[in-house]
Asks: 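What follows is a structure written as structure tokens; I'll ask about it next.
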Amino acid sequence: MTRKIILLLFLLKGILTTSFAQHQNEAMADYRLPDVMLAKSGIRISSAAGWEKMRRPEILALFEENVQGKTPAKKIPLRFVTISINYDALNGIATRKQVRVYFSKSEKYYMDILMYVPNKRTVPAPLFLGLNFGGNQVVDADTGILISKGWVPYAPQPAYINHLGTEASRGIQRNDWPVEKIVAAGYGLATVYYGDIQPDSVNSVNAGVAPLFYKDGQTRPAADEWGAIGVWAWGLSRALDYMETDKDIDAGKVAVVGHSRLGKAALWAGAQDQRFALVISNNSGEGGAAITRTKYGETIALMNKAFPHWFCDNFKKYNDKEDELPIDFHELVALIAPRPVYIASASQDQWADPVGEYLSAWYATPVYGLYGLKGLDTIVPPDVNHPVGEGAIGYHLRKGEHAMTQYDWDQYIRFANRCLK
Ligand code: GCU
């Protein structure tokens, strides 16, 4: 039986309990999700005020304690230095700026924002903001873009030598970042190399910004303090701090977007920082949009083993114990309400559990309902290349592999045109 038919059967069988066959001889998984509307006190949430005062803070605290870890409350003074401006970028349609954000008085800690702002506009531009994987220079072949200095984990030669970007890395991920398309649609685009904030390696916890927040004598984050996903999400919020100072940008209309592990970071940034007006998860999978109790594709244990530095140490308690986690990832999506959210899967990306990604959007729907907003209409995921969601939640399953493509961006722009502009 296909997973869809099985899902339908279980829709008939009951609410919140569902089950479906696992691919390729994996065992059947039955699961019961934590009820997003039921507060710890036993009170059932029935209003937006109840959600905001009681249930939302509870859920946020549970993610902080058990999954991504706490983001330090301490504010550090930022310094923004504009390094370059080209008013005639992309054949004249955009202004390209590069802004260095210093995190401390020393020159050691900084991230570089590469941004494009449409030249044709009468008001400050709405903006897509996302971290990139290969250094800012991978976004476009323009030789004016600074080559990010950070260590790059997946670093094939000749684009990288000793894990550092070379001239040959310019523009190599331009397909992930269709800058002309985004600018032509009236949006700005800003991106930061994620390794500027913390290198993506188990041994690099102290090579990023985390030590700036240590107490005296502390040498690594405590079990309930942030992992790399939390650090990257923090960096996204600091980029938004900069946007609030840039008159070309409408900081009230910033969409945070990310692919894969950076989609996990985008969701967490959007969940915590309610200034983000729209949140977009591209193939974020386990630890991102996907329900973990499906135990399909990547699991908590597999992810914590391969990437022990991504989440807080407490998350390891749930290796092979998904059902003991006091929350599930539909509640991460719910934390974004009432702001619009878009979740995208890819048909060949079973590792990220497309059905699980869809289900978390579906199970977050009642929270949007508290605000009188429409979420998804049905528990049954749509066919490939049939985007759904006319309300505040959007979803599509793209045909193809784990990637962020032109097709995905077309949907994000369409959704943003309706929900953000
Ligand atoms: C691995 C990992 C995923 C992650 C992905 C990525 O596949 O298991 O959890 O999303 O890398 O970031 O590309």
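Both ligands and their constituent atoms are indexed starting at 1 by order of listing. When reading the values below, keep in mind they use all heavy atoms of this one structure, side chains included, and skip hydrogens, waters and symmetry mates.
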Asks: So with a 6.0 Å cut-off around NZ of Lys181, is the heavy-atom count from everything else above 12?
Replies: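 Enclosed: over 12 neighbouring heavy atoms sit under 6.0 Å from NZ of Lys181.
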Asks: Tell me whether Arg238 forms a cation-pi arrangement with Phe103, defined as NZ or CZ under 6.0 Å from the six-membered ring centre and within 45 degrees of its axis.
Replies: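 Negative - Arg238 is either too far from the ring of Phe103 or too far off its axis.
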Asks: To the nearest 0.5 Å, what is the distance between OH on Tyr407 and NE2 on His396?
Replies: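 Separation between the atoms: 5.5 Å.
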Asks: Distances under 3.5 Å, N/O of ligand 1 against N/O of the protein: list each pair and its distance.
Replies:
{"from": "ligand 1", "atom 1": "7 (O)", "to": "Trp351", "atom 2": "NE1", "distance (Å)": "3.2"}
{"from": "ligand 1", "atom 1": "8 (O)", "to": "Glu298", "atom 2": "OE1", "distance (Å)": "3.1"}
{"from": "ligand 1", "atom 1": "8 (O)", "to": "Glu298", "atom 2": "OE2", "distance (Å)": "2.6"}
{"from": "ligand 1", "atom 1": "8 (O)", "to": "Trp351", "atom 2": "NE1", "distance (Å)": "2.9"}
{"from": "ligand 1", "atom 1": "9 (O)", "to": "Lys264", "atom 2": "NZ", "distance (Å)": "2.8"}
{"from": "ligand 1", "atom 1": "9 (O)", "to": "Glu298", "atom 2": "OE1", "distance (Å)": "2.6"}
{"from": "ligand 1", "atom 1": "9 (O)", "to": "Glu298", "atom 2": "OE2", "distance (Å)": "3.4"}
{"from": "ligand 1", "atom 1": "10 (O)", "to": "Ser260", "atom 2": "OG", "distance (Å)": "2.7"}
{"from": "ligand 1", "atom 1": "10 (O)", "to": "Arg261", "atom 2": "N", "distance (Å)": "3.4"}
{"from": "ligand 1", "atom 1": "10 (O)", "to": "Lys264", "atom 2": "NZ", "distance (Å)": "3.1"}
{"from": "ligand 1", "atom 1": "11 (O)", "to": "Arg261", "atom 2": "NH2", "distance (Å)": "3.0"}
{"from": "ligand 1", "atom 1": "12 (O)", "to": "Ser260", "atom 2": "OG", "distance (Å)": "2.8"}
{"from": "ligand 1", "atom 1": "12 (O)", "to": "Arg261", "atom 2": "N", "distance (Å)": "2.9"}
{"from": "ligand 1", "atom 1": "12 (O)", "to": "Arg261", "atom 2": "NE", "distance (Å)": "2.5"}
{"from": "ligand 1", "atom 1": "12 (O)", "to": "Arg261", "atom 2": "NH2", "distance (Å)": "3.3"}
{"from": "ligand 1", "atom 1": "13 (O)", "to": "Ser260", "atom 2": "OG", "distance (Å)": "2.6"}
{"from": "ligand 1", "atom 1": "13 (O)", "to": "His402", "atom 2": "NE2", "distance (Å)": "3.4"}

Asks: Pairing donors with acceptors under 3.5 angstrom, does anything connect the side chains of Glu286 and Thr292?
Replies: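 Judged by distance alone, the side chains do pair up.
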Asks: Can you tell me if Lys399 has over 12 outside heavy atoms packed within less than 6.0 Å of its NZ?
Replies: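 Open: at most 12 neighbouring heavy atoms sit under 6.0 Å from NZ of Lys399.
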Asks: Do you see a donor-acceptor pair shorter than 3.5 Å between the side chains of Tyr371 and Glu52?
Replies: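 Present: a donor and an acceptor within the cut-off.
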